[in-house]
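Sequence lines set the chain letters: A, B, ... in the order given, protein chains first and strands last, and positions in each chain run from 1. Fair warning: this is a prediction, and the values are worked out from it, not measured in the lab.
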There are 2 protein chains.
Amino acid sequence: MAIRPAEQLIHKAAWLYYAHGLRQDEVANQLKISRASVAMYLRKARETGIVNISTSTQLFTDDVMARQLEDAFKLDAVWIAPENAYVADASTDIAVLAASVFLELVKKGDRIGVAWGRTVYTIADIMSYADLQDVTVVQLCGNLGAPYSYRPDQCTMEIARRLNAKGLNFYAPLVLSTEGLAQGLRAEPVIRDQLAGIGDCDLALYSVGAVDADSHLVKCGALSPAEMSALRGQGAAGVIAGQVIDADGEVLDCDYNRRVISAELASLRAIGKRLMVVQEDSKFEPLLAAIAGGLCTHLVIGAHMAGRLLDHAGAASKKAS
Amino acid sequence: MAIRPAEQLIHKAAWLYYAHGLRQDEVANQLKISRASVAMYLRKARETGIVNISTSTQLFTDDVMARQLEDAFKLDAVWIAPENAYVADASTDIAVLAASVFLELVKKGDRIGVAWGRTVYTIADIMSYADLQDVTVVQLCGNLGAPYSYRPDQCTMEIARRLNAKGLNFYAPLVLSTEGLAQGLRAEPVIRDQLAGIGDCDLALYSVGAVDADSHLVKCGALSPAEMSALRGQGAAGVIAGQVIDADGEVLDCDYNRRVISAELASLRAIGKRLMVVQEDSKFEPLLAAIAGGLCTHLVIGAHMAGRLLDHAGAASKKAS
DNA sequence: CACGGCTCTCGACAAAAGTCAAATCTGGGT
DNA sequence: ACCCAGATTTGACTTTTGTCGAGAGCCGTG
């Protein structure tokens with residue numbers, strides 16, 4: 001907490017430049033340092049969240065489709081990234097939007113649950129820094145010791161780092177070999193407390209995984225391709241925080257799930273704001289399952305996915321009438 | 001709410017520039033407009049709060065004096081603007097700091113009470129724009145038809161405009177000629193409702209006035225210099241939202257106060273965050289009175305005033321022991 | 001106490017952003 | 001159809017900002 005002298009200077013430079021609107025050379029005069037140093041300090045100030053530059057995400061919720069989706073699926077808010085209109089890479093666009101939305105939803109003193117996956121890690125990676133005090137970032141599911149950079153604990157820590165927040169990791173494997181061991185571990189005080197604390201979160205950030213051979217669960221070796229396709233046959237529709245869910249968004253009754261250490265869906269549903277981000281178009285059915293299970297109140301998706309969801313909702317309501 | 005096409009463009013430009021980090025000429029290419037236009041749109045985006053640039057006010061609360069003051073006067077948070085260290089004009093510095101602190105304290109959906117005075121108007125004037133939806137700014141006291149630009153309704157409206165919020169004005173004079181008329185007006189449904197709604201605010205912004213011939217109350221003709229000095233003799237120590245308070249921060253029992261239409265102190269105390277800003281060093285005693293009366297939980301002052309407050313607290317505790 | 005490694009700072013140049021008057025567009029009103 | 005007032009857009013210019021390598025200060029070590 002003790003502010004180092006260098007940090008003092010960064011603060012002062014940022015204050016004079018951004019709050020008072022002085023030019024860099026004026027700031028340099030005031031602080032009796034060179035303008036080049038001022039420029040450097042200002043960059044640092046931006047990088048560490050001492051100054052915050054945020055752009056309103058209004059544009060993406062004001063969209064007609066977004067409104068229709070909110071109504072059709074009873075969601076609190078939907079943001080739609082207009083695909084290929086702007087930047088070359090559509091999925092980056094979704095991640096950038098998701099990061100902005102996330103920062104807009106976080107408040108001081110919040111407790112935030114973070115799951116894992118490529119999407120979440122991408123968001124963490126491009127998210128700008130902020131200076132949220134008293135924020136705690138907790139990991140929603142156990143770890144996977146994979147060689148990937150988006151391991152559950154990495155996602156949690158990276159987001160905590162970006163927010164200058166406290167990161168609470170979860171030191172248990174995501175999947176164990178036997179159900180008995182999983183039960184035993186879940187009963188461990190350290191683990192139990194953390195699992196119990198998940199329902200107290202104010203905000204959750206996750207994506208949903210697909211049930212196919214490309215799933216992280218397969219890539220990380222938690223499940224073999226054959227097991228995955230067997231689960232699919234049993235009605236698996238998606239993966240949330242490492243757990244396999246069915247089309248209704250409930251935990252699938254299967255051996256794998258019983259061996260998993262992760263947040264219970266009930267705890268997730270207890271979180272006020274559940275922000276779900278989906279980049280890949282192929283995750284249509286998993287997303288439907290997650291929505292059906294009430295696992296998402298706030299949604300960030302691309303325009304194409306939005307269209308498919310609306311078509312689906314339209315077809316369903318036509319069939320009903 | 002319907003976004004005009006020009007506003008669309010501003011949003012898009014701001015998004016590409018600030019969120020994606022493109023350069024202005026890249027944005028210009030994307031949107032098929034000239035770079036000069038992009039520069040203009042970006043300025044507009046900053047001016048209208050579509051993008052928010054805020055600097056942490058940490059530096060000013062992390063101060064040792066600030067901590068001591070919090071303890072000594074049981075305040076939730078204190079910010080101290082380091083006098084004459086930075087910018088030529090110390091009182092501007094206090095106002096800039098106050099504006100930042102204010103924006104940091106406001107949340108979406110808040111209801112904000114605003115009083116009036118030169119200090120408040122200065123803050124409104126330099127405050128940057130923000131895009132807070134669902135925020136309501138309410139006027140804490142009746143109007144003074146003075147030729148000043150910092151009339152109560154002006155302060156309210158200006159702050160509402162800056163936040164893109166709804167402004168709720170108070171269409172009654174601050175002072176009436178007779179107590180009876182004031183009572184009657186207070187009982188009017190429109191007025192009564194507004195007065196009753198003040199306690200529901202989440203945040204209040206005000207300063208405290210001095211009891212002397214320079215007071216706005218005198219300048220605006222609500223009181224003559226002679227009356228003012230008489231009130232001083234009766235124990236008046238300061239002015240809050242148009243009402244004269246004594247050294248304990250209670251409404252002074254006097255004819256003037258009975259003719260005033262303004263927020264009751266009890267309503268003000270019911271507001272969770274009461275942000276008081278004092279620019280002038282001469283307002284030492286009024287500020288003590290306001291603090292004594294529990295009219296302030298968050299305080300923004302200059303370094304000199306902070307020193308005087310600490311001296312006072314030190315002397316008081318020494319006397320007590 | 002001299003040495004290397006380290007970070008911090010600065011001057012000079014290159015790149016980017018801001019500005020302004022002139023040109024172009026737009027939407028009435030005749 | 002024509003013209004005008006107001007707003008918008010642009011190209012060309014100026015100012016401001018970002019960057020990079022050289023040099024200066026600092027500290028622990030041999």
Quick one: label A:Arg43 by what it contacts on the DNA or RNA (base, sugar-phosphate, nothing), any heavy atom closer than 4.0 Å.
sugar-phosphate
Lys/Arg N to Asp/Glu carboxylate O, B:Asp134 vs B:Lys107, below 4.0 Å
no
Quick one: A:Leu42 CG to D:dG18 C1', roughly how many Å, whole number?
11 Å
Nearest to the side chain of A:Ala36 - D:dT9, C:dC10, C:dT19?
C:dC10
Starting at CG of A:Asp25 and ending at P of C:dT9, how long is that distance when rounded to a whole Å?
18 Å
Measure NZ/B:Lys32 against P/D:dT10 and give the value in whole Å, please.
13 Å
Take atom CZ of A:Arg35 and atom P of D:dT19, then tell me their distance rounded to the nearest Å.
11 Å
Looking only at side-chain atoms of B:Met40, point me to the closest of D:dG18, D:dT9, C:dT9.
D:dT9
Under 4.0 angstrom between A:Tyr41 side-chain N/O and C:dT9 OP1 or OP2
yes
Side-chain contact check for B:Arg23: nearest option of D:dT17, C:dA16, D:dT10 is C:dA16
When the distance from CD1 of A:Ile10 to C1' of C:dT9 is rounded to whole Å, what number comes out?
14 Å
Under 3.5 Å, is there a donor-acceptor pair between the side chain of B:Asp202 and the main chain of B:Lys273?
no
Given atom CG of B:Leu31 and atom P of D:dT10, what is their separation to the nearest angstrom?
11 Å
Identify whether the distance between the nearest side-chain nitrogen and carboxylate oxygen of B:Asp281 and B:Arg308 falls below 4.0 Å.
no
For the side chain of B:Ala39, starting at C-beta, report the closest nucleotide among C:dC10, C:dA16, C:dG18.
C:dG18
Options C:dT9, C:dG18, D:dT17, nucleotide nearest the side-chain atoms of A:Gln24:
D:dT17
Nearest-Å distance, CG (A:Leu22) to P (D:dT15)?
19 Å
Less than 4.0 Å between a side-chain N and a carboxylate O, is that true for A:Glu47 and A:Lys44?
no
Report the distance from atom NZ of B:Lys44 to atom C1' of C:dT19, rounded to the nearest whole Å.
15 Å
Quick check for you: among C:dC10, D:dT9, D:dT10, whose closest atom lies nearest to any side-chain atom of A:Ser37?
C:dC10
Could you tell me if the side chain of B:Leu275 sits less than 4.5 Å from the side chain of B:Leu105, heavy atoms only?
yes
